[in-house]
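Following: one structure in structure tokens, then a few remarks.
Values in this document were obtained by computation on a predicted structure and should not be read as measured data. In what follows, every chain begins at residue 1, and chains take the letters A, B, ... in the order their sequences are listed.
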There are 2 protein chains.
Amino acid sequence: MKADAAIDALGALAQEHRLALFRLLVQAGEGGLAAGVIAETLGVPNSSLSFHLAQLREAGLVLQERQHRSIIYRANYPAMNALVAYLLENCCAGAAACGPDAACETPAQERKSA
Amino acid sequence: MKADAAIDALGALAQEHRLALFRLLVQAGEGGLAAGVIAETLGVPNSSLSFHLAQLREAGLVLQERQHRSIIYRANYPAMNALVAYLLENCCAGAAACGPDAACETPAQERKSA
DNA sequence: ATCTCATTTTGATAAATCTGGAAATAAGAA
DNA sequence: TTCTTATTTCCAGATTTATCAAAATGAGAT
């Protein structure tokens, strides 16, 4: 992952409605949710929600697919994984000094290849 | 972690210089780096860097400590861990459907308690 | 073809953010 | 104290972002 992509993704998540929206999709799983359902769940006007969905989609964090009359959105898990990996890259220069709270313990290192 | 804190952290990271700065500190490890060293490394004017350091500090992502004439900044690893955990919370509603690229495999779940 | 529902685009306004020089502050050195 | 170095605060302007009603689009249903 390149810096620009990470900035886009982080910026997309750094907003009240979009963060709630993304977490909603993350928790919804592979089935995803229709735009209208999301708007109602979050209590956001359709036009605003559409704007935020577009931001997340342009950032690569969500995928969209038409299903009958609705458009289904779902979280792009690999993209989220790549973002986390980017943040933790080369954490602590590999030093053992990272400690248990350092976020760069073994699981995080594995995440790099995801 | 609450939504507001996560938004602050994500917003702090969603900027070219701050993302480079944070990653620099993450890779620098517990020793941290002086503000001046960071400014020179990133090629950013002092006043701008100070602004960005303050953003990251207010978001809780970096810690500062005076050392002689310099002020040393270092990454707040537990805060970063909490942010990642917040994003992955209740991923896929615990369904096995997450798959290998779902970012919510076992290591991610462990992250929640960090 | 027409009707209806679901979603997106438009457009205008309001609010927040980034930038960097100059001045101010903080703390050790001479 | 005075000098020097390190960092932050102030300021103004330029850029980006959020909001949402209204109009436009898209795709089944009748």
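- With a cutoff of under 4.0 Å to any heavy atom of chain B, the contacted region of DNA chain C is bounded 5' to 3' by C:dC18 to C:dA29.
- Against DNA chain D, the stretch residues 12-25 of chain B makes no heavy-atom approach under 4.0 Å.
- Nearest heavy atoms, B:Y77 versus B:G29: OH-CA, 3.2 Å.
- Hydrophobic clustering (ILVMFWY, side-chain heavy atoms < 4.5 Å, transitive): A:F22 and A:V44 are in one cluster.
- A continuous path of ILVMFWY side-chain contacts below 4.5 Å connects B:L61 to B:L24, so both sit in one hydrophobic cluster.
- Of all heavy-atom pairs between A:A35 and A:L49, the closest is O-CD2, 3.2 Å.
- Proximity of residues 60-67 of chain A to DNA chain D (heavy atom under 4.0 angstrom from any strand atom) is restricted to A:R66.
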Passes side chain to side chain contact (heavy atoms under 4.5 Å, CB included), A:M80 versus A:V26? Steps please. CA-CA 10 Å; A:M80 185 171 68; A:V26 163; 4.1 Å; yes
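- Judged as a side-chain contact (heavy atoms from CB on, under 4.5 Å), and not counting sequence neighbours, the contacts of A:R23 are A:L19, A:Q27, B:Y86, B:E89.
- Linking Ile, Leu, Val, Met, Phe, Trp and Tyr whenever their side-chain heavy atoms come within less than 4.5 Å puts A:L25 and A:I71 in one cluster.
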Report the C-alpha distance between B:N76 and B:L63 in whole Å, list the side-chain angles of each, state the deciding distance to 0.1 Å, and finish with yes or no for side chain to side chain contact (heavy atoms under 4.5 Å, CB included). CA-CA 6 Å; B:N76 186 349; B:L63 305 170; 3.8 Å; yes
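- Contacts of B:A54 with the nucleic acid, taken as non-hydrogen atoms under 4.0 Å apart, are absent.
- Protein chain B touches strand DNA chain D; the 5'-most and 3'-most nucleotides with an atom under 4.0 angstrom of its non-hydrogen atoms are D:dT4 to D:dT9.
- The stretch residues 35-53 of chain B touches DNA chain C through B:P45, B:S47, B:S48, B:F51, B:H52, each having a heavy atom under 4.0 angstrom from the strand.
- A side chain to side chain donor-acceptor pair (under 3.5 Å) check over residues 35-46 of chain A, counting only residues at least two apart or in different chains, returns nothing.
- Residue pairs meeting the salt bridge (Lys or Arg N to Asp or Glu O under 4.0 Å) criterion with at least one member in residues 48-67 of chain B: none, sequence neighbours excluded.
- If you chain together hydrophobic residues whose side chains sit under 4.5 Å apart, A:L42 and A:L56 fall into the same group.
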With side chain to side chain contact (heavy atoms under 4.5 Å, CB included) as the test, would you mind laying out the steps for B:L33 and B:Y73 before giving the verdict? CA-CA 5 Å; B:L33 293 171; B:Y73 284 86; over 6 Å; no
Using distance only, find each side-chain donor-acceptor pair of residues 1-18 of chain B under 3.5 Å and give its atom names and separation, not counting sequence neighbours.
{"unit_1": "B:Q15", "atom_1": "OE1", "unit_2": "B:H17", "atom_2": "N", "d": "2.8"}
{"unit_1": "B:Q15", "atom_1": "OE1", "unit_2": "B:R18", "atom_2": "N", "d": "3.2"}
{"unit_1": "B:R18", "atom_1": "NE", "unit_2": "B:A12", "atom_2": "O", "d": "2.6"}
{"unit_1": "B:R18", "atom_1": "NH1", "unit_2": "B:H52", "atom_2": "ND1", "d": "3.0"}
{"unit_1": "B:R18", "atom_1": "NH2", "unit_2": "B:G11", "atom_2": "O", "d": "3.3"}

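- Heavy-atom minimum distance, A:I72 versus A:G31: CG2-O, 3.6 Å.
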